[in-house]
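All heavy atoms count here, side chains included; hydrogens, waters and symmetry mates do not. Note that the numbering runs from 1 along the sequence shown for the chain. It should be emphasised that the depicted structure is a prediction, and the values quoted were computed from it without experimental measurement.
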Amino acid sequence: MRLHQFRDKVFAEFGQDLGRATPANVVEFLAKLEQEEFGAANPGRLDLDEPTASYESIIKDFLARMLQLPESESVVPLWTFACQLAFAMVGEYEEGRLPRLDPPAGQP
């Protein structure tokens with residue numbers, strides 16, 4: 001996908017300032033994008049064919065490969081990766097701010 005096509009999809013989904021982006025709809029958008037672009041059998045699930053086993057090694061390998069690509073080819077994967085990580089952190093932060101809803105005493 002060309003950068004301008006990707007940019008148009010992002011802006012159409014979230015607005016020019018990304019004001020409509022939330023942790024939930026970012027996950028949905030990335031899953032839909034994966035399905036459209038790669039025809040993934042399980043949207044939202046990324047199958048990694050990596051030569052390493054640890055998450056840290058996979059990240060290092062991904063980032064190293066991105067540095068080897070021309071800028072025009074690396075922007076979209078790097079942006080989607082950064083977006084996914086950032087909104088995952090936002091979701092965790094917001095989840096921690098909400099009061100826990102325990103059932104009243106004596107109820108399961």
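- Across all their heavy atoms, Phe11 and Arg20 have their closest contact at O-NH2, 3.8 Å.
- Annotation for Arg2: atom CZ does not count as buried by contact number, only 12 or fewer foreign heavy atoms lying within 6.0 Å.
- Rounding to the nearest 0.5 Å places CD of Gln16 at 9.5 Å from CZ of Arg7.
- Residues Leu69 and Met66 meet the side-chain proximity criterion, which asks for heavy atoms closer than 4.5 Å.
- For Glu56, the CD atom counts as loosely surrounded, since its 6.0 Å shell holds 12 or fewer non-hydrogen atoms of other residues, nucleotides or ligands.
- Ile58 and Leu67 are not part of a single hydrophobic cluster, where members link through side-chain heavy atoms under 4.5 Å apart.
- Atom CG of residue Asn25 and atom CZ of residue Phe87 lie 7.5 Å apart, to the nearest 0.5 angstrom.
- One finds no salt bridge joining Glu36 and Lys32 here, because no Lys/Arg side-chain nitrogen approaches an Asp/Glu carboxylate oxygen to under 4.0 Å.
- For the atom pair CD1 (Ile59) and CZ (Phe81), the distance works out to 3.5 Å, reported to the nearest 0.5 Å.
- Ring geometry, Trp79 versus Phe6: the interplanar angle exceeds 60°, so the pair is classed perpendicular (tilted spans 30 to 60°).
- Expressed to the nearest 0.5 Å, how far CD of Glu13 lies from CD of Glu28 amounts to 8.0 Å.
- Leu78 places a side-chain heavy atom less than 4.5 Å from the side chain of Phe62.
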